[in-house]
Chemist: 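Below is a structure I'd like to ask you about.
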Amino acid sequence: MGSMRLVVVAVWCAFAMHAGFSVSYAELSSTYYNETCPLLYDTVYAVIYDASLTDVRIGASLMRLHFHDCFVQGCDGSILLNDTATIESEQDALPNNNSIRGLEVVNNVKTAVESICPATVSCADILAIAAEVASVLGGGPSWSVLLGRRDSLTANRTLANINLPAPSDTLDELKESFTNQGLNTTDLVTLSGAHTFGRAHCSTFDDRLYDFNDTGSADPTLNTTYLGTLSEICLENATENNITNLDLTTPDEFDNKYYSNLQELNGLLQSDQGLYSTSDSDTIDLVDSFSGDQDTFFSNFIVSMIKMGNIGVLEGDEGEIRLQCNYVNGESSGLAGVASKDPKDSLVAQSK
């Protein structure tokens, strides 16, 4: 009981750090499928666990899918929709093209769920559960996922190009992006911590190595030793778009080392390092706090994920429950060959 009390206290302290946070979330509920699909969580977990045995990156990829879904017309599964005669897929937006992964795993989860609970569970809810499972499998926190979302009938590629933060965004640009979604600075620093695992393409940060802000020089907020390491992975004017670890310390674990990296100027993306290297920013104290206490980071992460998961949800008779995640009902032309646009990446090892 003592440890459970500590967890509850930590999460409520995290609530206090998120000014304006409301505990009430419309009709979403952690028990939404208790009667209609009692084995839902176990089913989702099993499919993702199996996928993780052969793809160490899948957790980070699934969490990113949820994030990129919620920031474009809400958490409605719109990112999963393929191109059709009436839909322009968000998967082809610049922040997603040749970048998002895990679509096939989501389809596998949906197939498994449909086999036990036909036409019951939305793809938007599957993404929300998958993000929590990804955290758990990486060694991060667990939380009761609020459920009851419905799936969109549309996608919005134009909005994806506008709303999704870029890896080169300044801190002010990031704050504006998050504010537009009803999220605050604490949410920004907290959710950025998801970069504690996963990978990034050279094209998302190589300007920091060779021509930062058109100066012809490297980013001065990049640790020089780390700069040398990255320069070996991402050669200047290279045609190969390699990938490397977002977290050079514990690249496949969900922990607080991301924040320690920022303190040592070892943030990979400009949008990451800016949280700590922007002079007099209110984000610096948050980075220090999360670096010094992993439990504080975890409890805040739970709060921010719940907040993000409530953005623009469809409920009641809005939208639909898709039978296949990458098509609205009635438009399916089958999954073969178009279920996933997962890129084929080349990971270059980092020396330490």
Side-chain angles (χ1 to χ4, degrees), residues 20-38 40-41 43-44 62-63 65-91 93 96 100 103 106-107 109-111 113-114 116-132 143-164 177-183 187 304-333:
F21 175 77
S22 171
V23 182
S24 175
Y25 279 128
E27 297 178 11
L28 297 186
S29 167
S30 61
T31 62
Y32 189 83
Y33 296 109
N34 278 12
E35 299 294 328
T36 57
C37 197
L40 172 60
Y41 184 88
T43 303
V44 176
L62 291 171
M63 190 171 288
L65 272 180
H66 183 46
F67 179 94
H68 280 220
D69 182 41
C70 291
F71 265 56
V72 182
Q73 70 179 31
C75 308
D76 60 1
S78 61
I79 194 172
L80 304 174
L81 290 172
N82 286 349
D83 275 324
T84 68
T86 58
I87 289 175
E88 286 192 338
S89 177
E90 293 169 18
Q91 297 165 25
N96 294 327
I100 57 169
L103 299 170
V106 173
N107 280 333
V109 171
K110 179 62 170 174
T111 298
V113 171
E114 284 294 309
I116 60 170
C117 312
T120 301
V121 179
S122 70
C123 299
D125 276 346
I126 285 174
L127 286 179
I129 298 171
E132 190 271 349
W143 60 92
S144 295
V145 181
L146 300 182
L147 303 168
R149 300 167 189 82
R150 306 257 303 171
D151 295 321
S152 71
L153 302 174
T154 62
N156 195 325
R157 185 186 302 171
T158 299
L159 198 60
N161 281 318
I162 295 171
N163 282 12
L164 293 173
S177 177
F178 275 66
T179 297
N180 289 341
Q181 301 300 328
L183 302 173
D187 299 313
S304 291
M305 286 297 287
I306 292 172
K307 284 181 67 176
M308 185 184 75
N310 193 57
I311 296 173
V313 297
L314 303 176
E315 298 176 291
D317 59 359
E318 299 175 309
E320 66 180 8
I321 302 298
R322 286 188 216 137
L323 302 181
Q324 295 180 343
C325 286
N326 48 346
Y327 292 101
V328 298
N329 294 340
E331 282 200 353
S332 172
S333 58

Chemist: So does Thr154 get a backbone contact from the side chain of Gln73, meaning a donor-acceptor N/O pair under 3.5 Å?
Modeler: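 Yes; judged by distance alone, with no hydrogens or angles, the pair exists.
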
Chemist: Output the distance between atom CD1 (Ile100) and atom CG (Leu62), rounded to the nearest 0.5 Å.
Modeler: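 Result: 11.0 Å between the selected atoms.
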
Chemist: Any donor-acceptor pair under 3.5 Å linking the side chain of Arg322 with the backbone of Leu81?
Modeler: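 No: the side chain of Arg322 does not pair with the backbone of Leu81.
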
Chemist: In the structure I gave you, are the side-chain heavy atoms of Cys123 and Lys110 within less than 4.5 Å of one another anywhere?
Modeler: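 When only atoms from C-beta onward are counted, Lys110 and Cys123 do touch, with a gap below 4.5 Å.
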
Chemist: Working note: Cys117 + Thr36, criterion side chain to side chain contact (heavy atoms under 4.5 Å, CB included); need CA distance, chi angles, decisive distance, verdict.
Modeler: CA-CA 7 Å; Cys117 312; Thr36 57; over 6 Å; no

Chemist: Under the 3.5 angstrom rule, does the side chain of Arg150 hit a backbone N or O of Gly319 as a donor-acceptor pair?
Modeler: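 Yes, because the side chain of Arg150 sits within donor-acceptor range (under 3.5 Å) of the backbone of Gly319.
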
Chemist: Can you give me the closest heavy-atom contact between Cys325 and Asn107, atom names plus distance?
Modeler: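 Closest pair (atom of Cys325, atom of Asn107, distance): CB-OD1, 3.8 Å.
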
Chemist: Please determine, by modelled atom types, if Asp125 and Tyr32 share a side-chain donor-acceptor pair under 3.5 angstrom.
Modeler: no

Chemist: Given side chains that start at C-beta, do those of Val113 and Val44 come closer than 4.5 Å, heavy atoms only?
Modeler: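 Sidechains of Val44 and Val113: in contact.
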
Chemist: Would you check if there is a donor-acceptor pair between the side chains of Asn82 and Gln91 at a distance under 3.5 Å?
Modeler: yes

Chemist: What's the separation between atom CD1 in Ile129 and atom OH in Tyr41, rounded to the nearest 0.5 Å?
Modeler: 8.5 Å

Chemist: Between Tyr33 and Val121, which heavy-atom pair has the shortest distance, and what is it?
Modeler: OH-CA, 3.6 Å

Chemist: Would you check if the side chain of Thr111 reaches a backbone N or O of Val109 as a donor-acceptor pair within less than 3.5 Å?
Modeler: no

Chemist: Could you pull out the closest heavy-atom pair between Val145 and Ala128, with the gap in Å?
Modeler: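 Heavy atoms only, the tightest pair is CG1-CB, 3.8 Å.
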
Chemist: Looking at CD1 of Ile79 and CG of Leu65, how far apart are the two atoms once the value is rounded to the nearest 0.5 Å?
Modeler: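 Answer for the CD1-CG pair, Ile79 versus Leu65, is 5.0 Å.
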
Chemist: Apply side chain to side chain contact (heavy atoms under 4.5 Å, CB included) to Leu103 and Asn326, showing your working.
Modeler: CA-CA 9 Å; Leu103 299 170; Asn326 48 346; over 6 Å; no

Chemist: Any donor-acceptor pair under 3.5 Å linking the side chain of Glu318 with the backbone of Glu315?
Modeler: yes

Chemist: Apply side chain to side chain contact (heavy atoms under 4.5 Å, CB included) to the pair Thr84 and Val328, showing each step before the final yes or no.
Modeler: CA-CA 10 Å; Thr84 68; Val328 298; over 6 Å; no

Chemist: Flag the pair Leu80 / Leu127 as yes when at least one side-chain heavy-atom distance between them is below 4.5 Å, and no otherwise.
Modeler: yes

Chemist: Are the side chain of Ser177 and the backbone N or O of Asn163 linked by a donor-acceptor pair below 3.5 Å?
Modeler: yes

Chemist: Do the ring planes of Phe178 and Phe67 sit parallel (below 30°), tilted (30 to 60°) or perpendicular (above 60°)?
Modeler: tilted

Chemist: Compare every heavy atom of Leu28 with every heavy atom of Gly309, then report the nearest pair and how far apart it is.
Modeler: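 It is O-CD1, 4.3 Å.
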
Chemist: How many angstroms lie between atom OG of Ser122 and atom CG of Leu147, to the nearest 0.5 angstrom?
Modeler: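 These two atoms lie 8.0 Å from each other.
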
Chemist: For a quick test of reading the model, state the closest non-hydrogen atom pair linking Ser89 to Asp83 and the distance between them.
Modeler: N-OD1, 2.8 Å

Chemist: I'd like to know if the side chain of Asn329 reaches the main chain of Leu323, judged simply by a donor and an acceptor atom lying under 3.5 Å from each other, with no hydrogens or angles considered.
Modeler: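 Yes.
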
Chemist: Answer yes or no: is there a donor N or O on one side and an acceptor on the other, between the side chain of Arg149 and the main chain of Asp76, under 3.5 Å?
Modeler: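 Looks like no, no N/O pair under 3.5 Å.
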
Chemist: Quick one: does any side-chain atom of Glu90 pair with a main-chain N or O of Val72 as donor and acceptor, under 3.5 Å?
Modeler: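 Side chain of Glu90 to backbone of Val72, a donor-acceptor pair under 3.5 Å: no, none is there.
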
Chemist: Measuring from atom CE of Met308 to atom CG of Asp187, what distance do you get when rounded to the nearest 0.5 angstrom?
Modeler: 10.0 Å

Chemist: Measuring from atom OG of Ser78 to atom CD1 of Ile87, what distance do you get when rounded to the nearest 0.5 angstrom?
Modeler: 9.5 Å

Chemist: Do side-chain atoms of Asp69 reach the backbone of Gly77 as a donor and acceptor pair under 3.5 angstrom?
Modeler: yes

